[in-house]
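In this text, all values refer to a predicted model and were calculated from it rather than measured experimentally. For reference, positions follow the sequence shown, starting with 1.
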Amino acid sequence: MAQPMFKPWSLPAKVNVLRMKSSSNSNGRRVTPIHSTPSLTGVPQKLERRSLAGLRHAARDCRACDLWKNATQTVFGEGPLRAKIVFVGEQPGDQEDLAGHPFVGPAGKVLDEALHQAGIDRSEVYVTNVVKHFKWSPATRGKRRIHKKPRSSEINACRPWLDAELQSVKPEVLVCLGATAAQALLGRDFSVTRQRGQLVESTLAPKVVATVHPSSILRAPDSDARQAQMQEFVLDLIKIATLR
């Protein structure tokens, strides 16, 4: 029987998982963040009126930017129509591009394990990305396709699809995974390092929060660091689970 990628761990006794950390000043008053930004593009009515299945079908032919030219296919979001939690990452990776499903590669396996440890059923959440096509460059040697960060113009071109997904699902909790997703949705000045786990006021969902992208855990320098980062990620997810 295969061993899990990460060992289960116990929540420290002093941690209160019933409260998410919110932005506040030195007097304890809640500070309204400047990241309450609406959509940069808006949702065209022709998308707004479509069902989630209709959106997925229409996105297959998206040519709003040039990323489709080198991608195998559009990788749209997946999950229940009325999921209470939506996770938004950056873009599909190599395996997602080939399979046509989000978060099924190495980072997806990390997310699955973390969700399991946090007591969240993956089948009950909606997962998607701010960009629906895989952006890559060929490796210097071999046939590997190396991930490239999408440009802001590419993110903006894809934004109507994400806005339409959120309007269709109407989640209670929106979770931005990593800096690209967080800055695309919460503003360019948003820092996951500084503001990780803080509730952010936004028109996108009643409760919005950001944490790391699971791929960052895979880039940890050694197994001890990977284990520590995984524990922090699981702790974030445990807190997020209480917001449903």
Close side-chain approach of C62 and W161, heavy atoms under 4.5 Å: yes
Contact summary for S168 and L55, nearest pair of heavy atoms: OG-CD1, 3.6 Å
In one Ile/Leu/Val/Met/Phe/Trp/Tyr side-chain cluster, 4.5 Å: V104, L177: no
Spacing of CZ belonging to R244 relative to CD1 belonging to I120, to within rounding of 0.5 Å: 5.5 Å
Minimum side-chain heavy-atom gap P150-E90 below 4.5 Å: yes
Between F103 and H213, ring centroids under 6.0 Å: yes
Please tabulate, for side-chain N and O atoms in residues 217-225, each donor-acceptor pair with protein atoms closer than 3.5 Å (sequence neighbours left out).
from: R219; atom 1: NH1; to: S215; atom 2: OG; distance (Å): 3.3
from: D222; atom 1: OD1; to: D224; atom 2: N; distance (Å): 3.2
from: D222; atom 1: OD1; to: A225; atom 2: N; distance (Å): 2.8

Modelled atom types, side-chain donor and acceptor of H147 and Q91, under 3.5 Å: yes
N-O pairing of K132 and E165 below 4.0 Å: yes
Cluster companions of W136 among Ile, Leu, Val, Met, Phe, Trp, Tyr (side-chain spacing under 4.5 Å): F134
For T128, the option from V88, V75, L166 that meets side chain to side chain contact (heavy atoms under 4.5 Å, CB included): V88
Taking every non-hydrogen atom, the tightest pair across D189 and Q195: O-OE1, 4.2 Å
Evaluation steps, salt bridge (charged side-chain N to carboxylate O under 4.0 Å, His left out), between K207 and E172: CA-CA 6 Å; K207 298 167 185 174; E172 285 293 317; 5.3 Å; no
Residues H133 and Q73: side-chain donor-acceptor under 3.5 angstrom: no
Minimal non-hydrogen separation, P80 against V169, with atom names: O-CG1, 4.2 Å
Euclidean distance, R82 CZ relative to L52 CG, rounded to 0.5 Å: 9.0 Å
Side-chain heavy-atom pair P92, N129 within 4.5 angstrom cut-off: yes
Inter-residue atom distance L174.CG - I240.CD1, 0.5 Å rounding: 10.0 Å
Shared hydrophobic cluster, L162 / W68 (ILVMFWY, side-chain heavy atoms < 4.5 Å): no
Side-chain donor or acceptor of D97 paired with backbone N/O of T72 under 3.5 Å: yes
Expected output: side-chain R159 to main-chain A184 donor-acceptor under 3.5 Å: yes
Of K109, H116, Q117, the residue whose pairing with E113 passes side chain to side chain donor-acceptor pair (under 3.5 Å): Q117
Note, V173 side chain near V175 side chain (heavy atom, < 4.5 Å): yes
D94/R144 salt bridge by N-O under 4.0 Å criterion: no
Heavy-atom side-chain proximity of F87 to L237 below 4.5 angstrom: yes
same_hphob_cluster(F76, L98) at 4.5 Å side-chain heavy-atom cutoff: no
ILVMFWY cluster, L204 and L81 together (side-chain gap under 4.5 Å): yes
Charged N-O contact under 4.0 Å between E154 and K135: yes
Between CD1 on residue I146 and OG on residue S137, distance to nearest 0.5 Å: 6.5 Å
Side chain to side chain, V209 and K239, heavy atoms closer than 4.5 Å: no
Minimum-distance pair of heavy atoms, taken over all atoms of V192 and V212: CG1-N, 4.1 Å
Closest non-hydrogen atom pair between F190 and A210, with its separation: CE2-CB, 3.6 Å
Inter-residue atom distance S152.OG - R188.CZ, 0.5 Å rounding: 6.5 Å
Under-4.0 Å salt bridge between E78 and R56: no
Close side-chain approach of L235 and F233, heavy atoms under 4.5 Å: no
Beyond-backbone contact of V130 with T180, side-chain heavy atoms, under 4.5 angstrom: yes
Gap between atom CZ of R122 and atom CD of E124 - 0.5 Å precision: 13.0 Å
Over all atoms of both residues, closest heavy-atom pair of A118 and A241: O-CB, 4.4 Å
